[in-house]
Number of protein chains: 2
Amino acid sequence: MIHVVGHKNPDTDTICSALAVAELLKQRKLDAKAYRQGELNPETKFVLEKFSIDTPKIIEDAENKDVFLVDHSDKTQSVDNLDKANLIGIVDHHKLGDITTSMPLEFWAMPVGCSCTVIKAMYDFYKVNISKNIAGIMLCAILSDTVLFKSPTTTDLDKKTAEELAKIANVDDMTKLAMDMFNKKSDIEGKSMTELIFRDYKDFLMNEKKIGVGQLEVIDISVFDKIKDDLFEELQKIKDEGRNSVLLLLTDIMKEGSQLLCVSDNPQIIEKAFNVKLENNKAWLNGVMSRKKQVIPNLEKAFL
Amino acid sequence: MIHVVGHKNPDTDTICSALAVAELLKQRKLDAKAYRQGELNPETKFVLEKFSIDTPKIIEDAENKDVFLVDHSDKTQSVDNLDKANLIGIVDHHKLGDITTSMPLEFWAMPVGCSCTVIKAMYDFYKVNISKNIAGIMLCAILSDTVLFKSPTTTDLDKKTAEELAKIANVDDMTKLAMDMFNKKSDIEGKSMTELIFRDYKDFLMNEKKIGVGQLEVIDISVFDKIKDDLFEELQKIKDEGRNSVLLLLTDIMKEGSQLLCVSDNPQIIEKAFNVKLENNKAWLNGVMSRKKQVIPNLEKAFL
């Protein structure tokens with residue numbers, strides 16, 4: 001059986017992509033099942049409930065399994081013992097990672113806003129119809145990853161694909177669906193600092209330094225005002241585990257920018273990366289909404 | 001401008017893939033040009049002449065260039081200073097190599113017999129018509145890489161794609177076209193041993209040992225009878241440059257198998273890999289036509 005799985009700290013795109021690819025493989029008469037590497041965030045829970053799709057089971061080890069990866073192509077974000085698995089495919093929209101294979105495989109990647117946009121192209125290539133509910137979660141993944149087409153990663157293909165999926169899923173009002181999702185994301189009541197920071201968090205190696213970057217996208221970042229000290233305390237703890245820097249982006253969907261919180265051994269490098277002055281370890285990054293496109297490349301250049 | 005280029009020691013698939021992708025990018029209103037990393041073999045020369053396509057120019061360095069790779073995804077086979085280039089796409093049908101990027105890119109790979117089969121899917125995705133001559137060289141690439149559909153790497157998609165391309169290129173008799181190509185390949189008169197061995201030769205790292213594997217596909221391998229001692233002499237020279245083993249596959253297209261010539265520090269590992277007994281450093285490998293599918297994976301397992 002083919003185990004379809006996305007990256008660690010799963011977001012809506014990674015979960016919905018695993019489900020959509022598993023469904024495509026099944027329609028192609030292959031035995032396949034979606035898996036996840038971690039807990040669902042509140043947005044993803046809402047999306048699966050809305051379209052009546054069951055939550056995938058956890059996978060912890062890839063050894064001796066047939067595996068299809070979605071939404072990533074590097075080892076640090078992937079499932080353990082991937083080198084002992086039979087990797088038969090990858091679909092992604094990030095930079096090309098360090099995973100290698102000893103056999104030819106299927107690889108679909110495009111520089112677009114969402115893995116589900118690429119997966120729609122796969123359905124078209126294999127001439128497989130998308131069911132109403134799978135189209136619904138694929139649409140949600142695009143709305144989530146492109147922040148309702150506001151992120152600079154958004155392409156015309158994302159918009160066109162979302163419109164096609166909305167038709168299949170019978171969604172008349174994409175904006176309302178997106179706002180319902182973002183409201184779930186913005187509800188931080190009763191959540192622990194660890195849970196918030198690790199909801200969408202990735203570690204990177206830059207010039208042999210370990211840099212962690214988390215991101216929280218909400219409708220109005222004033223919800224964080226009361227807990228900012230607690231967030232900084234938690235960021236410091238994560239940094240003390242052997243990292244050079246830990247950054248948290250509090251992204252304001254409506255204002256279309258992010259407040260950067262940062263603890264670092266090299267704050268001047270962080271300032272250089274974004275051409276800003278940190279005040280009390282904080283800075284407003286106007287227009288910055290995409291970690292992938294507007295944060296990581298700048299950090300990589302600055303840490304060279 | 002986008003520089004489209006295939007692997008070192010170019011074969012017909014790598015050259016025709018570079019030309020076909022450059023043409024696709026141009027049809028998409030992007031500035032693009034095909035390049036090559038080495039001399040054309042006689043088969044490829046015949047193919048380009050037959051369909052009136054100019055030979056691509058040599059590229060020696062990728063620094064500061066926009067690059068689109070075809071028919072490979074690993075650094076050893078790629079152009080120098082690739083890490084200083086802007087890699088915008090890859091199309092391939094081999095195992096996934098060790099090339100990485102810092103930005104998202106387009107990646108098209110399928111476990112099929114020929115890169116041009118994947119490129120046909122790209123044309124369809126972008127809804128671009130293929131010109132008669134480009135369809136002709138893409139068809140030749142498929143006939144060459146799949147050895148007229150006899151290689152075990154051949155898939156139904158390769159056959160279907162070849163038929164579609166033959167229609168566009170106005171080719172009525174694929175078998176005749178393939179035999180004309182194979183006759184060019186089989187003409188070894190007046191060629192030096194170096195030229196023959198390096199016509200289609202790749203180095204691999206297996207368990208930190210450097211292993212070279214060349215392949216010559218001809219209609220009747222008796223053409224090599226007179227020069228076998230000279231071939232062995234040259235293989236020994238290549239091995240003496242720091243390799244653990246150098247293998248040469250003399251593939252008989254009609255008999256559908258290969259004679260293995262081999263010089264090695266570990267002949268018993270080679271014997272284990274193919275489950276044969278070497279006699280005077282030679283063995284007949286029945287049914288073995290694909291280096292990628294029937295030779296490299298076996299060697300990798302045996303050298304573990």
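In what follows, chains are A, B, ... by sequence order, proteins preceding strands, each numbered from 1.
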Q: Under 4.5 Å heavy-atom distance to chain A, tell me which part of Ile90(B) shows up: side chain, backbone, both or neither.
A: side chain
(Q) Out of Val112(B), Leu105(B), Asp92(B), return the one with the most heavy atom pairs under 4.5 angstrom to chain A. (A) Leu105(B)
Q | Top contributor to chain A interface from Asp124(B), Ile99(B), Ile296(B) [non-hydrogen pairs under 4.5 Å] | A | Ile99(B)
Q.
Is the ring pair Phe107(A)/Phe107(B) parallel, tilted or perpendicular, if the boundaries are 30 and 60 degrees?
A. parallel
Q) Above 12 or not: heavy atoms from other molecules or residues under 6.0 Å from NZ of Lys301(B)? A) no
Q | Gln268(A) atom CD, over 12 foreign heavy atoms within 6.0 Å | A | yes
Q) What residues form a ring pair (Phe, Tyr, Trp, His ring centres under 6.0 Å) with His3(A), not counting sequence neighbours? A) Tyr35(A)
Q | Close side-chain approach of Pro111(A) to Met103(B), heavy-atom, < 4.5 Å | A | no
Q.
As an exercise, state the distance from OG of Ser102(B) to NE2 of His94(A), rounded to the nearest 0.5 Å.
A. 14.0 Å
Q) Quick one: which of Met110(A), Lys292(A), His93(A) gives a side chain to side chain contact (heavy atoms under 4.5 Å, CB included) with Pro104(B)? A) Lys292(A)
Q. Does the side chain to side chain contact (heavy atoms under 4.5 Å, CB included) test come out yes or no for Phe125(A) and Phe125(B), once each step is laid out?
A. CA-CA 8 Å; Phe125(A) 175 79; Phe125(B) 175 78; over 6 Å; no
Q: Could you tell me whether the side chain of Thr101(A) and the main chain of Leu96(B) form a donor-acceptor pair under 3.5 Å?
A: yes
